[in-house]
Amino acid sequence: MSTKPKILVFSTEKISDPAIDLAGLLKKHYPNTVYTISVPCSSGIKPRWIMQAYEKGFDGVFIAADGTDCPYGESCVEKTSDIISVTHQMMKDKGLKPSQLKMAAICSVCADPFVAHINNFMKELAKKDN
Amino acid sequence: MKKKIGVYVCHCGGNISDYVDIEKVKDAVRDEADVFLVKNTLFACADSSQKMMEEDIKTQGLDAMVVASCSPKLHLNTFRGVAQRAGLNPYNYVQVNIREQDSWAHSDNPAGATEKAIQLVKAGIARAKESEALTSMKIATTNAVAVIGAGVGGMRTALGLADMGTEVYLIEKSFFVGGRTAQWGSVAPTNDRGDVLTAGLFNEIQKRSNIKLFTGAELIEKTGSVGNFDIKVKIHPRGFDGTATADDIQKAVKACPVSTTDEFNFGLTQRTAILTPQKGQYPQQPAIDKALCNQCGACQKINSAFQPASTNEEILTLHIGGFVANTGFDPYEPAKGEYGYGEIDNVITLPQLKRLIELNDNELVFKGKKVKKIAYIYCVGSRQDDDEGKNKYCSRYCCTSATHTGVTVKNKYKDILNYHFNRGIRTYGKAELIYGQASQQGDVFLQFTLDSIPQVERKHNKTYVKVKDILTAGKTIETDADLVVLVTGMVPRENVKLGHLLKIPEGRDHFFNEIHMKLKPVETVIDGVMIAGTSQAPKNILETLNSSMAAAAKVNSVLTKGELSLEPTLAKVNPGACTWCGKCAEACPFDAIVQVDNEGKMVAKVNESNCKGCGMCTPVCPTDAIDLDGFTNAQIGAMIDALAEL
């Protein structure tokens, strides 16, 4: 059993999934305790799902957002950040640190940024656990 | 709830099973509730595996299926097809990515990769258990395609598409079509001329009313998705409008005070700010290089068709269904000092020699000196041993082109001696005959390895090439040469803006990446965006044309039906829980949510023809009364639980 922090990634099918696939294709490694669930758009992620992840034992949740590339339009950026702030409030109530939820725009070719974000997040979470 | 789930775990040759312990994965998921059978496949996508799954669904009565293999980008539709053929709703199928997001991403940690695969497959089973049968919606598509780049490949794609009835917008950044091929004289293996090939293609394009050609044009904006993209194309002013005699054009060129190196001749000659079309470049009408023109007006005084001050920029708005990017290559530019390049006068590249041959009719002269001995150094910028893998690849065309050039110079001029310093000649297929011809005419072939590359030196007013020749037992052999020709490979053409606009992924070598070399050779992960020619990888003209035709056929097959099945992932409202606050309607960017009366209570309802399935309406609902099909609370919740286990 792994003792590394566990991260749940919500990623978008058309934009950030290809980047995460590309990271694998290019053999750019990141810890194996990172799991991805794909959704059509980052502004469709429910805060209750994120909270469920913490409840069930995930240390961190990473939202690989569409950013301005979202095929469903530009309002995605604002709506995704609304979801983050609502979730941050819920996390506060449960005694979770806001830094356990991270978001970054990951474009379809952003393999390097994805791996860098995940590795940094992993380091931060590991520090907190100690 | 599904009760009879079939689970298939794929080895993918060794792509997965070299890192993930498949048996361990099977054992770990066998006893999950509702899993009816667990099998492994060497290649799940193979015909025999697909048939086996179909048989299992039919004879065992499976009501859901999970395949743990590669990215859904590659085979989601393959296995949805398997389900459909066997009578199972395609949306009761779940693909689990244990290759790109597991075995490859964690190839440094096989135990960890196996552990992750188990969790991922369990989550897939949990999702399949909660899956529901769904029916696809259809949208109308536009049978029009933007082809980017009008070299041989782009022009061939345009013709192929036009002849299948597709409207084509052929968009070329420079003021002339023809691309690289227009720069070549005799080309291997058939000795036809590059400029004649481009002339023929341009001539055919002129005959098609459904090809609209734009030169001096670039894509600046793209919105929408497959079937319906809206694009903006900027047309730069040509600076020439009307007609001028050849004599007037020549006078204008003479009058222009600007001087710069001529890219068409790879810097062998100078040009002015007036771009004149070369053989093989079309339209045969000059243009003004705005970046260099100093607006002196000298050309305009000779003929008023020259309009250096024109700022007639045009922005076109077009509605299309798909793209083909056929943006070509640049020859590798050797670093200063690489085999003496840029330091020793008579060290040039193969593309420069090919232009030199075009510029010299009776005898081959370089910088005023007659050329008798040519030393070719192969694999410059190809097959290099760098850690980043940037120039690790073989550029494919160069061995053939260099031997072919050796034969061409020998035929065209008398008394030429060719010395080929190579790393093993790779004239594959019919090109092997050219190698034979070069050997027969007396060309000398010397072979080296990467750890002992040729040395180019200037001494006693002459240039020498020295090498340890492995074909003569490692003896050091030296020759003087009037020209040292660096046989340079291909690199992708600088195209940062376009790659960014179309979001086409690049590989380690920076060429555009197809989804799969063999299974989806011209498709990219961006639906409706195809790639072809040397934008993908080094290719010769023949291979470029093959892929260009493939891209034409592929994009046409997507658009020609006039409609496209959309993912049936639509939002749906639970009227019992809805209290109509209007937040979902506000969140929807597509006006898909309306207020209706449901047995005396006002509730939200989704207009299915407007809903695009983004899910933006679902997180804002205060009573959690909206779910997205395929991504329901039940499905995502079950996946989170399964992934969190351990």
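A, B, ... follow the sequence lines: proteins, then strands. Residue 1 opens every chain. As a basis for the values below, the full set of heavy atoms in this structure was taken, side chains included, without hydrogen atoms, waters or symmetry mates.
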Between [X] and [Y], is any pair of side-chain heavy atoms under 4.5 Å apart?
X	Y	answer
D624(B)	R48(A)	yes
N513(B)	L22(A)	yes
I45(A)	P619(B)	no
D108(B)	K27(A)	no
F58(A)	L643(B)	yes

inquiry  = For a quick test of reading the model, state the closest non-hydrogen atom pair linking S75(A) to M616(B) and the distance between them.
reply    =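 Minimum heavy-atom contact is OG-SD, 3.8 Å.
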ask   = Which atom pair, heavy atoms only, marks the closest approach of Y30(A) to H106(B)?
value =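 Taking Y30(A) first and H106(B) second, the nearest heavy atoms are O-ND1, 2.9 Å.
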query = Is it true that D627(B) and K46(A) make a salt bridge, defined as a side-chain N closer than 4.0 Å to a carboxylate O?
reply =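 Result for this pair is yes, salt bridge flagged.
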ask   = Going by an N to O cut-off under 4.0 Å, is there a salt bridge joining D17(A) and K73(B)?
value =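 Salt bridge: no.
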Value rounded to 0.5 Å, distance of CD in E13(A) from CZ in F631(B) =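 Those atoms lie 4.0 Å apart.
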message = Can you tell me how far apart CD1 (I37(A)) and CD1 (I640(B)) are? Round to the nearest 0.5 Å.
response =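 If we round to the nearest 0.5 Å, I37(A):CD1 and I640(B):CD1 are 5.0 Å apart.
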Please classify the contact of [X] with chain B as side chain, backbone, both or neither, using a heavy-atom distance under 4.5 Å.
X	value
Y54(A)	neither
L25(A)	both
L8(A)	side chain
A23(A)	neither

ask   = Got a sec: does the NZ of K102(A) have more than 12 other heavy atoms crowding it under 6.0 Å?
value =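 Atom NZ in K102(A) is packed in, count exceeds 12.
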W49(A) side chain to N633(B) side chain, donor-acceptor N/O pair below 3.5 angstrom =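 Their side chains do contain a donor-acceptor pair, which is all the 3.5 Å distance test asks for.
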request  = Name the member of P589(B), G499(B), A571(B) that forms the most heavy-atom pairs with chain A at distances under 4.5 Å.
outcome  =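 With the most close heavy-atom pairs to chain A, the winner is P589(B).
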key: Backbone N/O of Y35(A) and side chain of K116(B): donor-acceptor pair under 3.5 Å   =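 No, K116(B) side chain to Y35(A) backbone: no donor-acceptor pair under 3.5 Å.
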